[in-house]
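Note that the coordinates shown come from a computational prediction; the quantities given were computed from them, not determined experimentally. Counting begins at 1 with the first residue of the sequence.
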Amino acid sequence: MEPTRAGIGDTPKRREDLRFLTGRGGYLDDLDFAGLAHAVVLRSPHAHARIEAIQVAQARAMPGVLAVLTAAEARADRLKPLLPYVAANTQTGEPFAFTPQPLLAAGKVRYVGEPVALIVAETREQAFDAAELVDIAYAPLPAVTIAAAARAPGAPLLSPEVPGNLCFEWVTGEGTAAAWRAAAHVVTLSLENHRIGSNPIEPRGGVGLYDPATGRYTLHVSGQSIHATRDHAARALGVEPARVRFVAPDVGGGFGAKNFIYPEHVLLPWAAKRVGRPVKWIASRSEALLADHCGRDQVAEATLALDAEGRFLALRVDSTANLGAYLTGSAGGVQTFQYAFLPGTAYRIPAIELRVAGVFTNTAPIGVLRGPGYGEANNIIERLIDAAAAQTGLDRAELRRRNLVPAAAMPVTNAVGNTVDSGTFPETFERALAVADVEGFAARRRQSEARGLLRGLGFAYHIKGTGGSPTENVEIRFAADGAVSLLTGTQTIGQGHETTFPQILADRLGLPYDCIRLVQGDTDLIPLGGGHGSSRATYMGGTAICRASDEIIAKGTPIAADALEAAEADIRFADGHFIVAGTDRRVTLIEVARIARDQGSPLDTYHAWTREWMTFPNGAHVAEVEIDRDTGLVALARYTAIDDYGVLVNPMIARGQAHGAIALGIGQALLEHAVYDTASGQPVAGSFMDYALPRADDLVPFDLGFNGTRCTTNPLGVKGCGEAGAVGAYPAVTNAILDALRPFGAAGFSGPAAPERIWRAMRGR
């Protein structure tokens, strides 16, 4: 049988799926450990309270209990609290005001679900029983869950180190005053981008181990960015990173919730050292809804100035982000970099002014979620454009046409100094309108009206930057049996890297696709790793593969020349062979690797690189909805998208990634809301009975096409495809809903589009 060939642009089926579909995956709960103990995290039932006393004697006396650990034990063992990955404004360097996040609450709890104690027992059930007997005396305090309320005079103060609960306040951009004076039209909107959860199919969890002989900690974890998390865990444990190993087997999704460190990442290996056994904890679904990092949760007052022809003159946004109870991961960087990176998105806006604030509230910490910062910025401009069209009487599509950056202007630098390298925004927009049959919408609306339904049409043009951690590395190893191992510092959580990464290497080196094996998910295997956050994996890992491949060819050329008895200058490399130019004399790369290994100088190659710039996936999304006049029930009717993800390594996988992101954006628009009771601070959505994820019958078949332009910031020409759909779907669906409600004079509503909210909007309530 001929070896399988699969390179860039081909669509081999995902090789990992056979393992998953036949029940042979290696998810966290599938792993076996001798002498395994089980942990339960006892969490605060209060949003804000003083801890006056903790009594654990009864719990420690329960059958099977191995340890009941509190802040007192953590303090005795000199564990450190968690620090954010970004602790200062990424633009100005001004330090953020924050309180480090304790591993276990000491003296005070600041949100429902904050860890207070860790109970370790022989069985999970015994740990739960013991948790019931941990006696904690709480003195409840007033709580605040809304960003505006947290900034109000006299608001409950979460930490004395953070006056007014204000983490940061920052203004960037200038030169808008003249635009307001010259404007023929000024449009202002108040917008809320409500909080949602990530809800990966596999909840967070870990199995901690400690080896007393070596003094090393190990955590088997369901995680996304294990090298960075390892480093932060080592700091909290008080040891060097070399004494901590993180291993991520198969990971069942993350969407941002598994990007950053949590207290459990430190508590589990620490507990393993204390009890002398492996310690396992996996979150329940309700626990995940209580304590996982959430996304969005921003309010903004946004104003757009236009001239008489509808061309944009200036944008001003005053926004406040709810950070939750603690500053986690790069949440501060999301606001001062990602959110502030592409204001105005794909449109020409000469002057932009942003006021950005971040405040703490008695809610679970905000982390990152598909398109963090970019989702908020895109929603603001797309909602403003529709409002401007209504105010000026201009067609919504025409208003976008007049202001999208043309392809001839690429690369373009926006008003805040950031450059987008490539894209054909107007062409992509027109393609989306054509495929969506916008001209036929009026007829479809009449058909809906005949059935007693309102029908609305919405557009959104999305763009985001992809980058994440700026450094990445790979190692390529040639085995004696002809197999090739590809080691990466990226971390797959379901995107199909086991398929696409070998495709890239097979394409660059002309190797049989089947002979390449992806190795990942272990901090001991490769020096560093940026994970996959910010849709960076193919861009960053793929570029490292390209450059390592070039080094392999360069190292192999003199060996091939010697083997072929030819001058080195006459050697060419093509399709997996070193060839003597102008002849049919050749030798395979695999054979050259064998010769090099026999000579003691193997072709095995390690390459690390640091990016200079980002990639910019973009696209146009068109949504249609139907609304029941009597109940306010919203149903998605049609969905069309034309996206630019640059060169597609595997179009089938890119399509699947885009589908998932679109589903998330639609879910936010129609259903999802991580809502809190404003009086008590209690989460109202604590299970899937309360938190409505989209199901198959909430969606429609997506009509998705591609209009790729080659990215110039990497040799592959790729652009990250995992998040952009979520960025475009939310405003596209929301604009469609508002279009349907226009006869009622409904100018806006706070999402999601639950029937009760829509019913009230139709009745002006």
Inset, instruction - Specify the closest pair of heavy atoms between Ser225 and Gly530, including all atoms of both residues, with the distance to one decimal. - result: OG-O, 3.8 Å
Inset, instruction - Could you walk me through whether Arg235 and Asp231 pass the salt bridge (Lys or Arg N to Asp or Glu O under 4.0 Å) test, one step at a time? - result: CA-CA 6 Å; Arg235 190 203 66 81; Asp231 293 348; over 6 Å; no
Inset, instruction - Answer yes or no: are there more than 12 heavy-atom neighbours, outside Gln599 itself, under 6.0 Å from its atom CD? - result: yes
Legend entry - Flag side-chain contact, heavy atom, 4.5 Å: Leu589 against Leu603: yes
Inset, instruction - Look only at the side chain of Arg370 and the backbone of Gly295, and say whether a donor-acceptor pair between them is shorter than 3.5 Å. - result: no
Inset, instruction - Please confirm whether the backbone N or O of Phe341 pairs with a side-chain atom of Asn418, one donor and one acceptor, at under 3.5 Å? - result: yes
Legend entry - Donor-acceptor contact present, side-chain Arg508 to main-chain Asp550, <3.5 Å: no
Legend entry - Donor-acceptor pair, side chain of Glu568 and main chain of Ala561, under 3.5 angstrom: no
Legend entry - Asn707 side chain to Thr424 side chain, donor-acceptor N/O pair below 3.5 angstrom: yes
Legend entry - Where Ala620 and Phe429 come nearest, the two heavy atoms and their spacing: CB-CA, 3.7 Å
Legend entry - Taking every non-hydrogen atom, the tightest pair across Leu505 and Ser549: CD1-OG, 3.5 Å
Legend entry - Centroid-centroid under 6.0 Å between Tyr374 and His462 rings: no
Legend entry - Flag, side chain of Asn650 to backbone of Pro12, donor-acceptor distance under 3.5 Å: yes
Inset, instruction - Compute the centroid of each ring, for Phe20 and then for Tyr27, and state whether the two points are separated by less than 6.0 Å. - result: yes
Inset, instruction - Could you tell me whether the side chain of His265 reaches within less than 4.5 Å of the side chain of Val221, counting heavy atoms only? - result: yes
Legend entry - Smallest separation among heavy atoms of Gly465 and Met614, with atom names: C-CE, 3.6 Å
Inset, instruction - For Ser222 and Glu202, test the side chains for any donor-to-acceptor distance below 3.5 angstrom and give the result as yes or no. - result: yes
Inset, instruction - Compute whether any side-chain donor of one residue and acceptor of the other, for Gln503 and Thr500, lie under 3.5 angstrom apart. - result: no
Legend entry - Sole residue of Leu704, Ile662, Ile642 in side chain to side chain contact (heavy atoms under 4.5 Å, CB included) with His621: Ile662
Legend entry - Stepwise side chain to side chain donor-acceptor pair (under 3.5 Å) check, Thr713 with Thr615: CA-CA 7 Å; Thr713 65; Thr615 82; 5.9 Å; no
Legend entry - From Arg14, Arg15, Arg19, residue fulfilling salt bridge (charged side-chain N to carboxylate O under 4.0 Å, His left out) relative to Glu498: Arg19
Inset, instruction - Report the C-alpha separation of Asp524 and Arg216 in whole Å, then their side-chain angles, then the decisive distance to 0.1 Å, and conclude whether the salt bridge (Lys or Arg N to Asp or Glu O under 4.0 Å) test is met. - result: CA-CA 12 Å; Asp524 274 4; Arg216 291 196 82 201; 2.9 Å; yes
Inset, instruction - Give a yes-or-no answer on whether the side chains of Arg24 and Thr22 include a donor-acceptor pair shorter than 3.5 Å. - result: yes
Legend entry - Minimum heavy-atom distance Gly26-Asp250, with the two atoms named: N-OD2, 2.7 Å
Legend entry - Glu723 side-chain N/O to Ser535 backbone N/O, donor-acceptor pair under 3.5 Å: yes
Inset, instruction - Please step through salt bridge (Lys or Arg N to Asp or Glu O under 4.0 Å) for the pair Glu472 and Arg611, ending with a clear verdict. - result: CA-CA 8 Å; Glu472 195 47 78; Arg611 71 163 187 267; over 6 Å; no
Inset, instruction - May I ask you to check whether Ser422 and Lys719 show a side-chain donor-acceptor distance below 3.5 Å? - result: yes
Inset, instruction - State the CD1-OG1 distance between Ile526 and Thr488, to the nearest 0.5 angstrom. - result: 6.5 Å
Inset, instruction - Look only at the side chain of Asp421 and the backbone of Thr712, and say whether a donor-acceptor pair between them is shorter than 3.5 Å. - result: yes
Inset, instruction - Can you see which heavy atom on Ile559 is nearest to which on Ala596, and at what distance? - result: CD1-CB, 3.5 Å
Inset, instruction - Would you indicate whether the side-chain heavy atoms of Thr499 and Val649 approach each other to under 4.5 Å? - result: no
Inset, instruction - Measure from NZ or CZ of Arg597 to the centre of the six-membered ring of Phe478, then state whether that distance is under 6.0 Å and the direction lies within 45° of the axis. - result: no
Legend entry - Check: Thr90/Thr336 side-chain N/O donor and acceptor closer than 3.5 Å: yes
Legend entry - salt_bridge(Arg431, Glu427) N-O dist < 4.0 Å: yes
Legend entry - Side-chain H-bond candidate by donor/acceptor type, Thr490 with Gln520, under 3.5 Å: no
